[in-house]
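All ligand and atom numbering here is 1-based and tracks the order in the structure.
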Amino acid sequence: MTIPETDFDPYAATVLADPFPHHEMLRELGPIFWLSRYNCYGMARFAEVRTALHDWETFVSSRGVGLSDFAHEEPWRPPSLLLETDPPVHNRTRGLMNKVAALPALKARLPEWKEKAASLVAALAGNGSFDAVTELAEAFPLSVFPDMIGLRDEGRENLLPYAMTAFNAFGPRNALLAESLASAEQATAWVAEACKRENLKGPGWAADVYAAADRGDCTQEEAERLVRSFLTAGVDTTVNGIAALIYAMGSNPDEWQKLRADPTLGKKALEETLRWSGVAQTFFRTTSRAVQIGNDTIPEGQKIVLFLAAANRDPRQWPDPERYDITRNASGHVGFGFGIHQCLGQMVARFEMEAVLSALLEHVGEIRLTGAAQRRPNNTLYTIGSLPVEFAPCRISA
Ligand code: 4MI
């Protein structure tokens with residue numbers, strides 16, 4: 001066995017608080033390495049991560065996409081019918097959900113989303129320092145996403161704690177997971193109830209999933225669990241994507257001014273934000289067979305952690321990878337994964353970020369970070385818990 005071994009702990013508090021300085025060491029270990037603390041393999045280079053994500057038959061999702069192997073351990077909740085399945089089941093559920101989340105319906109909402117983001121940002125611009133996480137990165141998605149799903153109004157504050165728990169649960173059974181499981185018990189129960197057909201507020205993506213069940217594309221029980229996927233994956237991720245966008249522009253003022261000078265760079269800037277920010281740090285797969293990687297063979301039934309954020313800054317793929325550069329072509333990043341499981345909601349995320357970005361371009365001349373970004377440690381997401389900023393208005397108001 002020539003596979004390099006490391007006792008590096010990706011889940012140490014200091015690493016979760018600031019993961020990027022460790023990624024070069026991981027990439028330099030080789031195409032694959034053994035994490036002795038967790039008895040799993042890891043990959044941190046772009047090419048290998050992408051190849052593993054592509055080869056869903058060898059690197060399966062049905063045994064869980066966290067450290068826990070569903071073949072040996074009981075999952076903390078009934079497995080997702082999207083994320084934690086393989087074909088053929090995945091083809092059916094993903095096909096159904098792709099139709100629900102189809103682009104035309106989403107595009108039709110963009111003007112309304114832009115108006116909402118613009119009114120939020122207009123109220124913040126010129127009003128001194130505020131927390132961009134609560135006031136914008138959380139406020140905006142919460143003002144559009146639950147309504148698009150058709151979710152009941154009462155209890156929506158449970159969405160963020162629930163998602164934080166779900167993302168902690170992809171990691172080891174550490175203190176972070178134990179604490180969030182204990183504190184999110186109520187949120188978990190609320191989400192289970194909120195997914196039920198009789199508890200929906202009205203039309204929306206959840207009702208569309210139940211309509212697909214009526215047509216025979218899935219059972220009613222499956223529909224309930226597919227709605228749960230929207231609630232798990234659709235809020236915390238976009239909250240942190242938007243927070244990351246504000247952080248990226250605030251900490252790279254030259255890039256922000258470059259974008260103001262040429263707003264047609266907006267789409268590239270969003271893609272670069274997704275590459276650079278590393279909101280989704282890691283996801284796992286499990287080997288379904290012995291597989292050769294380089295000169296080595298790893299056995300069946302092994303967990304492999306894919307360091308998506310490290311792959312997105314691999315100098316083998318990206319010139320000057322640590323640099324946030326809105327003019328680079330960042331397409332092809334693995335921030336949304338790759339292959340058959342690539343993020344279903346990626347256009348929701350992009351449209352939400354686009355709505356916020358166009359609001360910023362309309363109203364904000366300077367994004368000033370007025371304090372240190374506070375991270376909210378999580379086993380999977382690199383999150384911002386608070387981000388003190390000031391938006392200097394770009395026009396003198398009348
Ligand atoms: C990769 S983020 C994510 C995607 C799907 C689900 C949860 C999280 C789910 O529950 O299906």
key: Cation-aromatic face contact Arg375/Tyr382, 6.0 Å, 45 degrees   = yes
Which of Glu73, Glu179, Glu74 passes salt bridge (Lys or Arg N to Asp or Glu O under 4.0 Å) with Arg173? It is Glu73
Using heavy atoms and a strict 4.0 Å limit, residues surrounding ligand 1 turn out to be Arg77, Ser80, Leu83, Phe167, Ser229, Thr232, Ala233, Phe283
Name each donor-acceptor pair under 3.5 Å that joins a side chain in residues 115-127 to protein atoms two or more places apart or in another chain, with its distance.
{"unit_1": "Lys116", "atom_1": "NZ", "unit_2": "Ser143", "atom_2": "O", "d": "3.2"}
{"unit_1": "Ser119", "atom_1": "OG", "unit_2": "Lys116", "atom_2": "O", "d": "3.3"}
{"unit_1": "Asn127", "atom_1": "ND2", "unit_2": "Ala123", "atom_2": "O", "d": "2.7"}

- prompt: Just checking, any donor-acceptor pair under 3.5 angstrom between side chains of Asp7 and Ser36?
  reply: no
*asked:* Distance alone, cut at 3.5 Å: any donor-acceptor contact between the side chains of Tyr324 and Thr273?
replied: yes
Query raised in the report: Going by distance alone, is a donor N or O of one side chain under 3.5 Å from an acceptor N or O of the other, for Asp236 and Tyr162?
Result: no
